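First comes the structure, then the notes that go with it.
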Amino acid sequence: MEINAFMDDIIKKNPGQKEFHQAVVEIANNVIPFINRNPQYEEARILERICEPDRTIIFGVVWEDDDGRPQINKGYRVQFNNAIGPYKGGLRFHPTVNLSILKFLGFEQIFKNSLTTLPMGGGKGGSNFDPKGKSDKEVMRFCQAFMTELSKYIGEDIDVPAGDIGVGAREIGYMYGQYRKLHTEFTGALTGKGLNFGGSPLRTEATGYGCVYFASEMLHAIDQSLEGKKCVISGSGNVSIYTAEKLIEEGAQVITLSDSSGFIYDPKGINAEKLAYIKDLKEVRRGRISEYAKEFGCEFHAGEKPWKVECDIAFPSATQNEIDKDDAASLVKSGCKVVCEGANMPTTLDGIKVFESAGLMHAPSKAANAGGVAVSGLEMSQNALGLTWSSEEIDERLRVIMRRIYDQCVEYGTENGNVDYFMGANVAGFVKVADVMLAYGIS
Ligand code: NDP
(Lines give C-alpha, C1' and ligand atoms only; values in the text may rest on other atoms or scores of the structure.)
Protein backbone atom coordinates (compact mmCIF):
# COMPACT_ATOMS: atom_id res chain seq x y z
CA MET A 1 0.00 0.00 0.00
CA GLU A 2 1.28 3.44 -0.84
CA ILE A 3 0.35 6.49 1.27
CA ASN A 4 0.09 9.10 -1.51
CA ALA A 5 -2.24 6.99 -3.67
CA PHE A 6 -4.28 6.10 -0.58
CA MET A 7 -4.67 9.76 0.42
CA ASP A 8 -5.49 10.84 -3.16
CA ASP A 9 -8.39 8.42 -3.06
CA ILE A 10 -9.59 9.70 0.36
CA ILE A 11 -9.44 13.31 -0.86
CA LYS A 12 -11.31 12.44 -4.07
CA LYS A 13 -14.08 10.66 -2.15
CA ASN A 14 -14.37 13.35 0.56
CA PRO A 15 -13.75 16.66 -1.24
CA GLY A 16 -13.10 19.78 0.82
CA GLN A 17 -13.12 17.94 4.18
CA LYS A 18 -9.69 19.11 5.32
CA GLU A 19 -9.98 18.20 9.02
CA PHE A 20 -11.07 14.69 8.03
CA HIS A 21 -8.14 14.37 5.59
CA GLN A 22 -5.78 15.48 8.38
CA ALA A 23 -7.11 12.88 10.82
CA VAL A 24 -6.81 10.14 8.19
CA VAL A 25 -3.26 11.02 7.12
CA GLU A 26 -2.15 11.11 10.77
CA ILE A 27 -3.35 7.51 11.17
CA ALA A 28 -2.27 6.32 7.71
CA ASN A 29 1.33 7.50 8.24
CA ASN A 30 1.68 4.92 11.01
CA VAL A 31 -0.80 2.26 10.00
CA ILE A 32 0.19 1.79 6.33
CA PRO A 33 3.76 0.64 7.13
CA PHE A 34 2.21 -1.79 9.65
CA ILE A 35 -0.28 -3.06 7.04
CA ASN A 36 2.57 -3.56 4.58
CA ARG A 37 4.14 -5.95 7.10
CA ASN A 38 0.77 -7.68 7.74
CA PRO A 39 -0.83 -8.26 4.31
CA GLN A 40 -4.06 -9.83 5.66
CA TYR A 41 -5.28 -6.27 6.40
CA GLU A 42 -4.48 -5.04 2.92
CA GLU A 43 -6.17 -8.01 1.22
CA ALA A 44 -9.40 -7.31 3.15
CA ARG A 45 -8.99 -3.51 2.49
CA ILE A 46 -9.57 -2.85 6.20
CA LEU A 47 -8.13 0.68 6.30
CA GLU A 48 -10.19 1.81 3.30
CA ARG A 49 -13.29 0.32 4.97
CA ILE A 50 -12.61 2.01 8.32
CA CYS A 51 -12.36 5.38 6.54
CA GLU A 52 -15.94 5.16 5.23
CA PRO A 53 -18.61 5.90 7.88
CA ASP A 54 -21.34 3.26 8.18
CA ARG A 55 -23.95 6.03 8.15
CA THR A 56 -24.15 9.83 8.14
CA ILE A 57 -27.39 11.39 9.31
CA ILE A 58 -28.02 15.10 8.61
CA PHE A 59 -31.20 16.85 9.69
CA GLY A 60 -32.74 20.26 10.17
CA VAL A 61 -33.41 21.53 13.70
CA VAL A 62 -36.13 24.15 13.99
CA TRP A 63 -36.70 25.81 17.36
CA GLU A 64 -38.26 28.99 18.70
CA ASP A 65 -36.17 31.79 20.21
CA ASP A 66 -37.30 34.01 23.11
CA ASP A 67 -38.88 36.48 20.67
CA GLY A 68 -41.06 33.74 19.21
CA ARG A 69 -39.08 33.61 15.93
CA PRO A 70 -38.29 30.23 14.38
CA GLN A 71 -34.55 29.50 14.19
CA ILE A 72 -32.99 26.89 11.94
CA ASN A 73 -29.82 24.87 12.58
CA LYS A 74 -28.22 21.80 11.08
CA GLY A 75 -27.97 18.58 13.13
CA TYR A 76 -25.61 15.67 12.45
CA ARG A 77 -24.73 12.19 13.66
CA VAL A 78 -21.90 10.28 12.03
CA GLN A 79 -22.11 6.57 12.92
CA PHE A 80 -18.62 5.59 11.86
CA ASN A 81 -17.83 2.05 12.91
CA ASN A 82 -19.53 -0.39 15.30
CA ALA A 83 -17.24 -3.41 14.88
CA ILE A 84 -16.40 -3.62 18.59
CA GLY A 85 -19.50 -2.11 20.23
CA PRO A 86 -22.34 0.42 19.88
CA TYR A 87 -21.38 3.72 18.22
CA LYS A 88 -20.03 6.01 20.95
CA GLY A 89 -18.83 9.61 20.87
CA GLY A 90 -19.84 13.09 21.89
CA LEU A 91 -22.11 15.80 20.54
CA ARG A 92 -20.56 19.20 19.79
CA PHE A 93 -22.57 22.43 19.66
CA HIS A 94 -20.43 25.18 18.12
CA PRO A 95 -20.92 27.56 15.17
CA THR A 96 -17.92 26.01 13.35
CA VAL A 97 -19.42 22.49 13.32
CA ASN A 98 -19.60 20.92 9.85
CA LEU A 99 -19.38 17.45 8.35
CA SER A 100 -15.58 17.53 7.99
CA ILE A 101 -15.08 18.30 11.70
CA LEU A 102 -17.54 15.64 12.81
CA LYS A 103 -16.01 13.05 10.49
CA PHE A 104 -12.51 13.75 11.86
CA LEU A 105 -13.85 13.44 15.40
CA GLY A 106 -15.85 10.27 14.66
CA PHE A 107 -12.90 8.68 12.87
CA GLU A 108 -10.51 9.39 15.77
CA GLN A 109 -13.10 8.06 18.17
CA ILE A 110 -12.90 4.56 16.59
CA PHE A 111 -9.23 4.24 17.56
CA LYS A 112 -9.60 5.98 20.92
CA ASN A 113 -12.47 3.74 21.98
CA SER A 114 -10.53 0.69 20.87
CA LEU A 115 -7.58 1.76 23.06
CA THR A 116 -9.78 1.96 26.17
CA THR A 117 -10.24 -1.85 25.87
CA LEU A 118 -13.99 -1.34 26.45
CA PRO A 119 -16.59 -2.50 23.89
CA MET A 120 -17.40 0.78 22.13
CA GLY A 121 -17.51 1.69 18.44
CA GLY A 122 -16.88 5.17 17.06
CA GLY A 123 -19.30 8.01 16.26
CA LYS A 124 -19.73 11.76 16.68
CA GLY A 125 -22.44 14.33 16.17
CA GLY A 126 -23.58 17.83 16.92
CA SER A 127 -24.87 21.04 15.47
CA ASN A 128 -23.77 24.49 14.32
CA PHE A 129 -25.95 25.86 17.15
CA ASP A 130 -24.04 28.25 19.44
CA PRO A 131 -25.17 28.00 23.08
CA LYS A 132 -23.13 31.13 23.92
CA GLY A 133 -25.36 34.16 24.50
CA LYS A 134 -28.56 32.07 24.45
CA SER A 135 -30.98 32.02 27.40
CA ASP A 136 -31.51 28.78 29.35
CA LYS A 137 -34.96 28.43 27.80
CA GLU A 138 -33.54 28.80 24.29
CA VAL A 139 -30.92 26.13 24.98
CA MET A 140 -33.67 23.87 26.32
CA ARG A 141 -35.89 24.36 23.26
CA PHE A 142 -32.97 23.74 20.92
CA CYS A 143 -31.88 20.57 22.78
CA GLN A 144 -35.44 19.21 22.71
CA ALA A 145 -35.83 19.89 18.98
CA PHE A 146 -32.40 18.34 18.28
CA MET A 147 -33.23 15.21 20.30
CA THR A 148 -36.66 14.83 18.70
CA GLU A 149 -34.88 13.92 15.47
CA LEU A 150 -31.71 12.30 16.87
CA SER A 151 -33.71 9.96 19.12
CA LYS A 152 -34.77 7.97 16.05
CA TYR A 153 -31.20 6.79 15.51
CA ILE A 154 -29.77 6.18 18.99
CA GLY A 155 -30.31 3.74 21.86
CA GLU A 156 -28.34 1.94 24.58
CA ASP A 157 -27.27 -0.90 22.23
CA ILE A 158 -27.15 1.18 19.03
CA ASP A 159 -25.47 4.53 19.53
CA VAL A 160 -24.77 6.29 22.84
CA PRO A 161 -23.83 10.00 22.49
CA ALA A 162 -22.18 12.11 25.23
CA GLY A 163 -20.98 15.74 25.58
CA ASP A 164 -18.20 17.68 23.85
CA ILE A 165 -17.59 21.39 23.19
CA GLY A 166 -20.76 23.33 24.07
CA VAL A 167 -22.50 20.25 25.46
CA GLY A 168 -22.19 19.90 29.23
CA ALA A 169 -24.42 18.78 32.11
CA ARG A 170 -27.18 21.27 31.26
CA GLU A 171 -27.49 20.22 27.61
CA ILE A 172 -27.28 16.48 28.39
CA GLY A 173 -30.06 16.95 30.98
CA TYR A 174 -32.38 18.63 28.45
CA MET A 175 -31.60 16.05 25.76
CA TYR A 176 -31.98 13.03 28.03
CA GLY A 177 -35.27 14.45 29.38
CA GLN A 178 -36.59 14.61 25.82
CA TYR A 179 -35.26 11.15 24.87
CA ARG A 180 -36.94 9.59 27.90
CA LYS A 181 -40.22 11.26 27.02
CA LEU A 182 -40.20 10.27 23.35
CA HIS A 183 -39.26 6.63 24.00
CA THR A 184 -41.26 6.14 27.20
CA GLU A 185 -38.26 4.37 28.66
CA PHE A 186 -35.39 5.06 31.04
CA THR A 187 -32.25 3.54 29.53
CA GLY A 188 -28.63 4.53 29.12
CA ALA A 189 -29.01 6.13 25.68
CA LEU A 190 -26.73 9.07 26.62
CA THR A 191 -23.74 9.34 28.94
CA GLY A 192 -22.61 12.32 30.98
CA LYS A 193 -26.02 12.26 32.68
CA GLY A 194 -26.63 13.84 36.09
CA LEU A 195 -25.86 11.62 39.10
CA ASN A 196 -29.55 11.41 40.02
CA PHE A 197 -30.61 10.10 36.64
CA GLY A 198 -28.12 7.40 35.76
CA GLY A 199 -24.87 9.37 35.54
CA SER A 200 -21.54 8.02 36.73
CA PRO A 201 -19.45 9.49 39.51
CA LEU A 202 -16.35 11.16 38.03
CA ARG A 203 -17.63 11.37 34.43
CA THR A 204 -17.34 15.19 34.63
CA GLU A 205 -13.75 14.98 35.81
CA ALA A 206 -12.68 11.94 33.76
CA THR A 207 -11.15 13.47 30.62
CA GLY A 208 -9.00 15.94 32.55
CA TYR A 209 -8.02 13.50 35.29
CA GLY A 210 -7.22 10.79 32.72
CA CYS A 211 -5.01 13.18 30.79
CA VAL A 212 -3.01 13.93 33.93
CA TYR A 213 -2.71 10.20 34.71
CA PHE A 214 -1.33 9.68 31.20
CA ALA A 215 1.20 12.54 31.61
CA SER A 216 2.21 11.02 34.93
CA GLU A 217 2.93 7.66 33.23
CA MET A 218 5.08 9.43 30.61
CA LEU A 219 7.09 11.20 33.32
CA HIS A 220 7.40 8.03 35.38
CA ALA A 221 9.15 6.39 32.40
CA ILE A 222 11.93 8.99 32.67
CA ASP A 223 12.04 8.85 36.48
CA GLN A 224 10.25 12.14 36.94
CA SER A 225 6.95 13.26 38.46
CA LEU A 226 4.47 16.12 38.12
CA GLU A 227 5.55 17.66 41.42
CA GLY A 228 6.70 21.25 40.85
CA LYS A 229 6.32 21.11 37.04
CA LYS A 230 5.15 24.33 35.36
CA CYS A 231 2.09 23.53 33.27
CA VAL A 232 0.36 25.60 30.61
CA ILE A 233 -3.23 24.70 29.75
CA SER A 234 -5.40 26.14 27.00
CA GLY A 235 -9.18 26.37 27.23
CA SER A 236 -11.22 26.77 30.41
CA GLY A 237 -14.01 24.29 29.77
CA ASN A 238 -14.64 20.80 31.07
CA VAL A 239 -11.31 19.23 30.03
CA SER A 240 -9.13 22.20 31.07
CA ILE A 241 -10.73 22.71 34.48
CA TYR A 242 -10.37 19.07 35.57
CA THR A 243 -6.86 18.79 34.11
CA ALA A 244 -5.98 21.81 36.28
CA GLU A 245 -7.71 20.30 39.32
CA LYS A 246 -5.75 17.03 39.17
CA LEU A 247 -2.46 18.80 38.39
CA ILE A 248 -2.90 21.02 41.46
CA GLU A 249 -3.59 17.89 43.56
CA GLU A 250 -0.39 16.32 42.22
CA GLY A 251 1.67 19.36 43.23
CA ALA A 252 2.20 20.80 39.74
CA GLN A 253 2.00 24.52 39.05
CA VAL A 254 -0.80 25.54 36.66
CA ILE A 255 0.00 28.96 35.23
CA THR A 256 -2.33 29.53 32.27
CA LEU A 257 -5.91 28.94 31.09
CA SER A 258 -7.67 30.48 28.11
CA ASP A 259 -10.89 30.87 26.17
CA SER A 260 -11.61 32.09 22.65
CA SER A 261 -10.88 35.70 23.70
CA GLY A 262 -7.35 35.19 25.11
CA PHE A 263 -5.34 33.64 27.95
CA ILE A 264 -4.56 34.45 31.58
CA TYR A 265 -1.03 34.07 32.93
CA ASP A 266 -0.81 33.61 36.68
CA PRO A 267 2.88 33.07 37.54
CA LYS A 268 2.02 32.34 41.19
CA GLY A 269 -0.03 29.37 40.05
CA ILE A 270 -3.73 28.61 40.18
CA ASN A 271 -4.58 27.01 43.52
CA ALA A 272 -7.71 25.18 44.67
CA GLU A 273 -9.39 28.40 45.82
CA LYS A 274 -8.77 30.15 42.50
CA LEU A 275 -9.99 27.06 40.65
CA ALA A 276 -13.25 27.18 42.62
CA TYR A 277 -13.67 30.75 41.29
CA ILE A 278 -13.06 29.49 37.71
CA LYS A 279 -15.62 26.69 38.10
CA ASP A 280 -18.23 29.18 39.24
CA LEU A 281 -17.23 31.63 36.47
CA LYS A 282 -17.39 29.05 33.68
CA GLU A 283 -19.88 26.42 34.84
CA VAL A 284 -22.43 28.63 36.63
CA ARG A 285 -22.08 32.26 35.49
CA ARG A 286 -20.82 31.35 31.98
CA GLY A 287 -18.43 34.35 32.06
CA ARG A 288 -15.12 35.12 30.30
CA ILE A 289 -11.65 34.07 31.50
CA SER A 290 -10.49 37.74 31.45
CA GLU A 291 -12.56 38.21 34.64
CA TYR A 292 -10.07 35.94 36.44
CA ALA A 293 -7.24 38.38 35.64
CA LYS A 294 -9.23 41.25 37.18
CA GLU A 295 -10.17 39.20 40.25
CA PHE A 296 -6.64 37.96 41.02
CA GLY A 297 -4.54 40.79 39.53
CA CYS A 298 -2.64 38.86 36.88
CA GLU A 299 -2.00 39.28 33.15
CA PHE A 300 -4.65 38.75 30.46
CA HIS A 301 -3.38 38.47 26.88
CA ALA A 302 -6.30 39.29 24.58
CA GLY A 303 -6.53 37.32 21.33
CA GLU A 304 -3.43 35.21 22.13
CA LYS A 305 -2.66 31.58 22.91
CA PRO A 306 -0.49 30.54 25.90
CA TRP A 307 2.26 28.73 23.97
CA LYS A 308 5.00 31.35 24.47
CA VAL A 309 4.91 31.08 28.26
CA GLU A 310 7.89 29.29 29.81
CA CYS A 311 6.81 25.82 30.94
CA ASP A 312 7.70 22.14 31.42
CA ILE A 313 4.45 20.57 30.17
CA ALA A 314 1.67 21.76 27.84
CA PHE A 315 -1.92 20.51 27.90
CA PRO A 316 -3.70 21.86 24.80
CA SER A 317 -7.34 21.39 25.86
CA ALA A 318 -9.47 23.81 23.83
CA THR A 319 -9.93 22.74 20.21
CA GLN A 320 -8.46 21.22 17.02
CA ASN A 321 -5.38 22.76 15.36
CA GLU A 322 -4.72 25.20 18.18
CA ILE A 323 -0.97 24.47 17.92
CA ASP A 324 0.44 25.19 14.47
CA LYS A 325 4.06 25.07 13.34
CA ASP A 326 4.93 28.47 14.88
CA ASP A 327 3.13 27.68 18.14
CA ALA A 328 5.02 24.38 18.35
CA ALA A 329 8.31 26.22 17.80
CA SER A 330 7.34 28.68 20.56
CA LEU A 331 6.66 25.80 22.95
CA VAL A 332 10.03 24.22 22.19
CA LYS A 333 11.71 27.60 22.75
CA SER A 334 9.86 28.12 26.03
CA GLY A 335 11.44 24.96 27.43
CA CYS A 336 8.47 22.61 27.14
CA LYS A 337 9.47 18.92 27.33
CA VAL A 338 6.11 17.13 27.30
CA VAL A 339 2.89 17.80 25.35
CA CYS A 340 -0.18 15.88 26.45
CA GLU A 341 -3.22 16.47 24.23
CA GLY A 342 -6.51 17.05 26.08
CA ALA A 343 -8.34 18.46 23.05
CA ASN A 344 -8.94 16.32 19.96
CA MET A 345 -6.23 16.78 17.28
CA PRO A 346 -4.96 20.09 18.74
CA THR A 347 -1.64 19.92 16.83
CA THR A 348 -1.36 20.46 13.07
CA LEU A 349 0.72 18.00 11.03
CA ASP A 350 3.50 20.63 10.76
CA GLY A 351 3.34 21.18 14.50
CA ILE A 352 3.76 17.44 15.13
CA LYS A 353 6.92 17.46 12.98
CA VAL A 354 8.38 20.34 15.02
CA PHE A 355 7.86 18.37 18.25
CA GLU A 356 9.30 15.21 16.67
CA SER A 357 12.50 16.91 15.54
CA ALA A 358 12.92 18.62 18.91
CA GLY A 359 12.56 15.21 20.65
CA LEU A 360 9.61 16.24 22.85
CA MET A 361 7.47 13.58 24.47
CA HIS A 362 4.14 14.06 22.71
CA ALA A 363 0.99 12.13 23.62
CA PRO A 364 -1.79 12.12 20.99
CA SER A 365 -5.34 12.95 21.99
CA LYS A 366 -6.72 9.53 21.11
CA ALA A 367 -4.61 8.11 23.94
CA ALA A 368 -4.28 10.99 26.39
CA ASN A 369 -7.91 12.16 26.46
CA ALA A 370 -9.55 8.71 26.31
CA GLY A 371 -10.42 8.88 30.04
CA GLY A 372 -13.69 10.68 29.27
CA VAL A 373 -15.07 8.06 26.96
CA ALA A 374 -13.68 5.33 29.22
CA VAL A 375 -15.80 6.56 32.14
CA SER A 376 -18.71 6.93 29.69
CA GLY A 377 -18.19 3.22 29.01
CA LEU A 378 -18.29 2.60 32.76
CA GLU A 379 -21.51 4.66 32.92
CA MET A 380 -23.01 2.32 30.29
CA SER A 381 -21.99 -0.72 32.36
CA GLN A 382 -23.50 0.77 35.52
CA ASN A 383 -26.75 1.57 33.66
CA ALA A 384 -26.92 -1.99 32.31
CA LEU A 385 -26.36 -3.42 35.81
CA GLY A 386 -28.72 -0.94 37.46
CA LEU A 387 -26.22 0.16 40.08
CA THR A 388 -23.73 2.94 40.82
CA TRP A 389 -20.09 2.42 41.71
CA SER A 390 -18.30 4.77 44.13
CA SER A 391 -16.02 7.62 43.00
CA GLU A 392 -13.05 5.73 44.44
CA GLU A 393 -13.92 2.65 42.42
CA ILE A 394 -14.32 4.66 39.19
CA ASP A 395 -11.09 6.54 39.84
CA GLU A 396 -9.20 3.27 40.32
CA ARG A 397 -10.68 1.84 37.09
CA LEU A 398 -9.81 5.07 35.25
CA ARG A 399 -6.20 4.88 36.45
CA VAL A 400 -5.97 1.24 35.33
CA ILE A 401 -7.46 2.05 31.91
CA MET A 402 -5.07 4.99 31.36
CA ARG A 403 -2.13 2.75 32.34
CA ARG A 404 -3.31 0.09 29.87
CA ILE A 405 -3.54 2.71 27.12
CA TYR A 406 -0.05 3.87 27.99
CA ASP A 407 1.23 0.28 27.88
CA GLN A 408 -0.32 -0.26 24.44
CA CYS A 409 1.42 2.91 23.17
CA VAL A 410 4.73 1.55 24.45
CA GLU A 411 4.10 -1.94 23.04
CA TYR A 412 3.29 -0.76 19.52
CA GLY A 413 5.30 2.48 19.45
CA THR A 414 8.78 1.56 20.68
CA GLU A 415 11.58 1.75 18.12
CA ASN A 416 15.28 1.72 19.01
CA GLY A 417 14.43 2.27 22.67
CA ASN A 418 12.33 5.40 21.98
CA VAL A 419 8.55 5.57 22.30
CA ASP A 420 6.62 7.19 19.46
CA TYR A 421 3.28 7.69 21.22
CA PHE A 422 1.50 8.56 17.96
CA MET A 423 2.61 5.36 16.28
CA GLY A 424 1.80 3.30 19.38
CA ALA A 425 -1.72 4.70 19.75
CA ASN A 426 -2.55 4.56 16.05
CA VAL A 427 -1.36 1.00 15.47
CA ALA A 428 -2.72 -0.43 18.74
CA GLY A 429 -6.10 1.27 18.16
CA PHE A 430 -6.20 -0.10 14.60
CA VAL A 431 -5.26 -3.72 15.33
CA LYS A 432 -8.18 -4.51 17.62
CA VAL A 433 -10.83 -3.09 15.28
CA ALA A 434 -9.13 -4.55 12.19
CA ASP A 435 -8.97 -8.08 13.65
CA VAL A 436 -12.67 -7.96 14.52
CA MET A 437 -13.51 -6.76 11.00
CA LEU A 438 -11.50 -9.68 9.60
CA ALA A 439 -13.48 -12.06 11.81
CA TYR A 440 -16.76 -10.70 10.39
CA GLY A 441 -15.69 -11.29 6.81
CA ILE A 442 -16.65 -8.89 4.05
CA SER A 443 -19.76 -7.23 5.44
P1 NDP B 1 -16.01 23.04 26.59
O2 NDP B 1 -17.09 23.56 25.72
O3 NDP B 1 -16.34 22.69 28.00
O4 NDP B 1 -14.78 24.07 26.61
C5 NDP B 1 -14.12 24.43 25.45
C6 NDP B 1 -13.06 25.46 25.79
O7 NDP B 1 -12.25 25.68 24.64
C8 NDP B 1 -13.66 26.82 26.16
O9 NDP B 1 -12.81 27.48 27.05
C10 NDP B 1 -13.70 27.52 24.81
O11 NDP B 1 -13.67 28.93 24.89
C12 NDP B 1 -12.40 27.01 24.17
N13 NDP B 1 -12.53 27.00 22.72
C14 NDP B 1 -13.43 26.31 21.98
N15 NDP B 1 -13.26 26.57 20.67
C16 NDP B 1 -12.25 27.43 20.59
C17 NDP B 1 -11.58 28.07 19.52
N18 NDP B 1 -11.96 27.87 18.25
N19 NDP B 1 -10.53 28.90 19.81
C20 NDP B 1 -10.15 29.12 21.08
N21 NDP B 1 -10.74 28.54 22.15
C22 NDP B 1 -11.76 27.72 21.91
O23 NDP B 1 -15.42 21.77 25.81
P24 NDP B 1 -14.59 20.53 26.40
O25 NDP B 1 -13.69 20.97 27.47
O26 NDP B 1 -15.56 19.44 26.64
O27 NDP B 1 -13.75 20.11 25.11
C28 NDP B 1 -12.46 20.67 24.82
C29 NDP B 1 -11.71 19.74 23.88
O30 NDP B 1 -11.58 18.43 24.48
C31 NDP B 1 -12.38 19.48 22.52
O32 NDP B 1 -11.39 19.28 21.54
C33 NDP B 1 -13.13 18.18 22.75
O34 NDP B 1 -13.39 17.50 21.54
C35 NDP B 1 -12.12 17.44 23.62
N36 NDP B 1 -12.65 16.34 24.41
C37 NDP B 1 -13.64 16.53 25.33
C38 NDP B 1 -14.09 15.47 26.10
C39 NDP B 1 -15.09 15.66 27.18
O40 NDP B 1 -15.29 14.69 27.93
N41 NDP B 1 -15.73 16.80 27.34
C42 NDP B 1 -13.58 14.10 25.89
C43 NDP B 1 -12.46 14.03 24.96
C44 NDP B 1 -12.05 15.11 24.24
P45 NDP B 1 -15.04 29.77 24.62
O46 NDP B 1 -15.92 29.44 25.78
O47 NDP B 1 -14.60 31.18 24.53
O48 NDP B 1 -15.58 29.25 23.30
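One is the number of the first residue; the rest follow in order along the sequence. We use all heavy atoms of the structure for the numbers below, so side chains are in, but hydrogens, waters and symmetry mates are not. The shown structure was predicted, so the numbers you read here are calculated from the model rather than taken from an experiment. Start at 1 and go down the list; that is how both ligands and their atoms are numbered.
Both cation-pi conditions hold for R285 and Y277: the charged atom is under 6.0 angstrom from the six-membered ring centre and inside a 45 degree cone around its axis. A cation-pi arrangement, defined by a distance under 6.0 Å to the six-membered ring centre and an angle within 45 degrees of its axis, is present between K134 and F129. In this structure, K274 satisfies the cation-pi test against F296, with its NZ or CZ atom closer than 6.0 Å to the six-membered ring centre and inside 45 degrees of the ring normal.
One finds no salt bridge joining E205 and K246 here, because no Lys/Arg side-chain nitrogen approaches an Asp/Glu carboxylate oxygen to under 4.0 Å.
Distances below 4.0 Å separate heavy atoms of S317 from the following atoms of ligand 1: 28 (C), 29 (C). Those atoms of ligand 1 with a heavy atom of G342 less than 4.0 angstrom away are 30 (O), 35 (C), 44 (C). Here is the list of ligand 1 atoms found below 4.0 Å of a heavy atom in R92: 31 (C), 32 (O), 33 (C), 34 (O). If you number the atoms of ligand 1 from 1 as listed, the ones under 4.0 Å from a heavy atom of G235 come out as 9 (O).
With a 4.0 Å heavy-atom cut-off, ligand 1 is reached by no atom of Q320. If you look at E322 next to ligand 1, there are no close heavy atoms at all, none under 4.0 Å. With a 4.0 Å cut-off on non-hydrogen atoms, R203 touches ligand 1 through its side chain and not its backbone. Residue contacts with ligand 1, taken as heavy atom pairs separated by less than 4.0 Å, involve S258 solely via the backbone atoms N, CA, C and O.
Among I289, L105, V239, the residue whose heavy atom sits closest to atom 24 (P) of ligand 1 is V239. When P131, G166, S236, G371 are checked for heavy-atom proximity to atom 9 (O) of ligand 1, S236 turns out nearest. Scanning D164, T319, N344 for the heavy atom closest to atom 16 (C) of ligand 1 points to T319.
Nearest non-hydrogen protein atom to atom 6 (C) of ligand 1 is G237 N, 4.0 Å. K132 NZ, 2.8 Å is the protein heavy atom nearest to atom 48 (O) of ligand 1. In this structure, atom 42 (C) of ligand 1 lies nearest to the protein heavy atom T207 OG1, 3.4 Å. The nearest protein atom to atom 23 (O) of ligand 1, hydrogens excluded, is given as I165 CA, 3.4 Å; this is a heavy-atom distance. Summary of contacts: the protein heavy atom closest to atom 29 (C) of ligand 1 is A318 O, 3.3 Å.
Heavy atoms only, all atoms of each residue included: V24 and C51 are closest at CG1-SG, 3.9 Å.
Under the 3.5 Å distance criterion, with hydrogens and angles disregarded, no donor-acceptor pair is assigned to the side chains of D350 and T348.
Checking only distances, G372 never comes within under 3.5 Å of ligand 1, N or O to N or O. In terms of N/O distances under 3.5 Å, ligand 1 is approached by N238. Ligand 1 has a nitrogen or oxygen under 3.5 angstrom from a nitrogen or oxygen of S260. Between N369 and ligand 1, no N or O atom pair is found at a separation short of 3.5 Å.
Under the 3.5 Å distance criterion, the side-chain polar atoms of E291 are left unmatched by any main-chain donor or acceptor of G287. Judged by distance alone, the side chain of K337 and the main-chain N or O of G335 form a donor-acceptor pair under 3.5 Å. One N or O on the side chain of R180 and one on the backbone of G177 form a donor-acceptor pair closer than 3.5 Å. A distance-only check finds a donor-acceptor pair linking the side chain of N426 to the backbone of E26 [under 3.5 Å].
For the ligand labelled ligand 1, residue K305 lies outside the 4.0 Å heavy-atom shell. S261 does not count as a contact of ligand 1, since none of its heavy atoms falls under 4.0 Å from the ligand. G163 does not count as a contact of ligand 1, since none of its heavy atoms falls under 4.0 Å from the ligand. Not a single heavy atom of G168 lies less than 4.0 angstrom from ligand 1. Using 4.0 Å as the threshold, R288 has a heavy atom nearer than that to some atom of ligand 1.
Looking at D266 and I255, their side chains never come closer than 4.5 Å, going by heavy atoms from C-beta outward. For the pair V78 and L102, the minimum side-chain heavy-atom distance is below 4.5 Å. In this structure, L99 and F20 have side chains that are not in contact, with every pair of non-hydrogen atoms separated by 4.5 Å or more. In this structure, Q382 and P201 have side chains that are in contact, with non-hydrogen atoms separated by less than 4.5 Å.
The local environment of NZ in K325 is sparse, with at most 12 non-hydrogen atoms from other residues, nucleotides or ligands closer than 6.0 Å.
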